[in-house]
Number of protein chains: 2
Amino acid sequence: MQQTRLDAARIGAARQLIDPVFLDTPLYRCEALDPGLGCAVSIKLETANPVRSFKARGTEVVASLLAARGPRAVVCASAGNLGQALAWSGRGRGLDVTVVAPRHATAAKLDRIRALGARLELVDGDHELARDLAAAIARRDGIRLLEDSLDLETCEGAATIGLELVDSASSFDTVLVALGGGALATGVGHVVKSSRPDVEVVCVQPLGAPAMTRSWHERRVVTTESTNTIADGVAGRHPIPAVLDDLLLIVDDAVLVTEASIVAGMRMLLDHAGLVVEPSAALGIAAILEDRDRFADRHVLTIVCGGNVDLDAYRRWTDPAVDPSLL
Amino acid sequence: MQQTRLDAARIGAARQLIDPVFLDTPLYRCEALDPGLGCAVSIKLETANPVRSFKARGTEVVASLLAARGPRAVVCASAGNLGQALAWSGRGRGLDVTVVAPRHATAAKLDRIRALGARLELVDGDHELARDLAAAIARRDGIRLLEDSLDLETCEGAATIGLELVDSASSFDTVLVALGGGALATGVGHVVKSSRPDVEVVCVQPLGAPAMTRSWHERRVVTTESTNTIADGVAGRHPIPAVLDDLLLIVDDAVLVTEASIVAGMRMLLDHAGLVVEPSAALGIAAILEDRDRFADRHVLTIVCGGNVDLDAYRRWTDPAVDPSLL
């Protein structure tokens with residue numbers, strides 16, 4: 001494997017900085033999913049923690065380092081999960097946290113960011129506009145700008161999931177990873193490929209937000225004009241070149257899935273695994289649903305990366321009386 | 001603390017026999033629940049595993065011991081969760097497992113028992129009738145009868161949850177435990193009271209299945225003619241004297257809650273924690289809802305003990321358009 005931006009020593013050190021409440025998350029076979037998917041499915045569950053997503057693994061690292069020696073204020077752009085995680089990590093360490101989010105972000109996520117005591121700035125636009133404003137605030141106030149996926153701590157935090165996968169007794173063939181900015185895929189992919197190069201790492205992104213996947217296939221940054229997906233957690237338009245470079249080294253494939261498959265994946269996780277997941281966390285199941293032959297009889301592990309949903313939308317998505325293709 | 005049937009050495013040994021997939025389950029503060037309940041709430045989550053309940057902690061111990069030196073066949077009565085867990089634990093160890101369940105048990109649980117390869121015998125009656133038939137099968141076939149709560153392995157398995165609670169950094173004031181046969185309360189209560197006698201252990205049972213709670217208050221076995229609750233996992237009528245004796249030594253209180261509160265508890269766990277739980281697992285939240293003053297400003301830990309539900313019923317229970325008191 002060629003060199004990515006990550007290395008084992010830093011990932012190991014990152015793990016030491018993370019509150020144990022976010023570590024050693026459940027990893028288990030979910031046989032009830034097998035018949036519907038035609039393969040053996042295991043779940044790595046990142047939703048049973050105080051912020052209901054994997055993002056705190058990264059923000060714990062960032063906040064620990066800032067509390068020890070950095071500026072005591074930090075700003076990030078977020079669709080909600082990173083912001084909630086940074087608010088949690090910063091609060092316990094006395095940091096001043098600002099989160100810039102799109103106004104139309106999942107209300108439940110925005111409510112939790114406020115409840116955790118962070119300053120919330122809303123922009124009338126998408127994630128890229130939030131990134132611009134976060135950068136402007138950082139420049140203006142001279143504080144740390146946390147950039148998801150670009151900043152190594154976010155990838156290293158995610159990489160600790162990879163450590164738990166390869167340290168487990170589970171012998172999976174494929175890992176399905178939700179792809180947005182790329183921190184999760186970079187971190188998990190780096191560790192898995194370093195330790196178990198025979199395991200296939202497949203990124204999954206919505207057809208409605210395909211920038212990084214197209215970039216990966218074309219081996220150059222491809223941006224898009226807009227996004228159109230319910231998977232708010234992965235809806236970027238401007239891939240980060242350094243992250244793309246890493247993904248080109250460690251990812252075996254990147255696939256796109258329809259909104260109907262994402263909804264069908266959320267339904268399967270509810271019906272057969274009893275899990276409430278946000279759309280981004282159903283991308284892995286969606287990928288299996290769209291290409292059963294590819295995964296037939298393999299042991300597939302999917303990272304259930306977040307569970308923050310607005311219940312009204314969630315009820316609509318998982319209402320059996322509603323045809324997913326009509327949502 | 002006076003002597004119960006349990007002891008630390010046996011509980012420690014039991015822990016060694018349990019597949020790690022069932023151990024070290026998530027334990028976390030769920031602040032989103034606090035405002036609605038008026039106290040600080042932590043969750044011990046026992047649903048993110050291959051059988052979606054805590055019961056495998058006990059069946060792992062039973063099955064390990066049977067595989068090593070017992071008869072290689074075992075029968076139990078179950079409302080579904082114990083049977084599913086025993087089927088899982090027995091399958092991996094080559095045991096012949098029979099489960100006797102009420103015909104009206106949760107279909108999802110019965111389906112999983114069959115899928116796991118156990119023989120399923122259905123009775124036209126309630127849990128007590130299932131217990132009678134299981135005992136008759138054991139006598140007829142000369143095989144092991146596993147009796148939940150009476151058999152020490154089931155209490156010792158549950159006690160490993162207690163170990164994880166007292167080993168955690170969390171400093172809770174009260175533990176709320178669902179009360180059915182009593183294995184969970186006996187196991188967790190024994191460990192918590194041994195190690196942190198100042199922590200209050202409160203059992204919670206449905207008003208519609210109050211036999212053990214009444215027995216605890218009257219300090220003698222009280223049976224009931226029938227049960228009427230959606231919390232199928234705790235719906236017994238004939239408390240076991242030896243279990244009652246243990247509970248009298250280690251439990252601080254036992255309370256009864258209405259069906260409407262159980263439903264409200266399930267809704268709160270869905271709305272604010274993103275957790276799909278079965279009615280028994282909402283008993284702790286229901287107890288807080290029924291007596292907010294008692295728990296005000298305390299740090300309360302509730303064990304979310306199972307998540308096996310029939311989705312149709314679950315959707316009805318958690319439909320915001322339906323008044324819980326009318327269910």
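Throughout, a chain's letter reflects where its sequence line sits, starting with A, and its residues are numbered from 1.
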Per-residue tally against chain A (heavy atom, under 4.5 Å) across B/G307, B/C30, B/S170, B/A32 peaks at B/A32
When the 4.5 angstrom heavy-atom criterion is applied to B/A273 and chain A, the contacting part is backbone
dist B/L27:CG -> A/N49:CG (nearest 0.5 Å) comes out at 12.0 Å
For B/D323, is the CG atom crowded, meaning more than 12 foreign heavy atoms sit under 6.0 Å from it?
yes
In B/D19, B/V21, B/V51, the residue satisfying side-chain contact (heavy atoms from CB on, under 4.5 Å) with A/Y28 is B/V21
Applying a strict 4.5 Å limit to non-hydrogen atoms, the region of B/A115 in contact with chain A is neither
**OP:** Would you mind reporting whether B/E31 and A/R112 have side-chain heavy atoms less than 4.5 Å apart?
**Re:** yes
Value for CG (A/L275) from CZ (B/R52), rounded to nearest 0.5 Å, stands at 7.0 Å
Rounded to the nearest 0.5 Å, the CG atom of A/L45 sits from the CG atom of B/L45 at a distance of 8.0 Å
request  = Decide yes or no for B/L270 and A/R315: does some side-chain heavy atom of the first lie under 4.5 Å from some side-chain heavy atom of the second?
outcome  = yes
Between B/V276 and A/G274, the two heavy atoms sitting closest are CB-O, 3.4 Å
Shortest non-hydrogen pair, B/P26 vs A/P26, comes out as CG-CG, 3.7 Å
Residue from B/D271, B/D319, B/V309 scoring the most non-hydrogen pairs under 4.5 Å with chain A is B/D271
Note: vs chain B, highest number of non-hydrogen pairs under 4.5 angstrom among A/T47, A/D24, A/L311 is A/L311
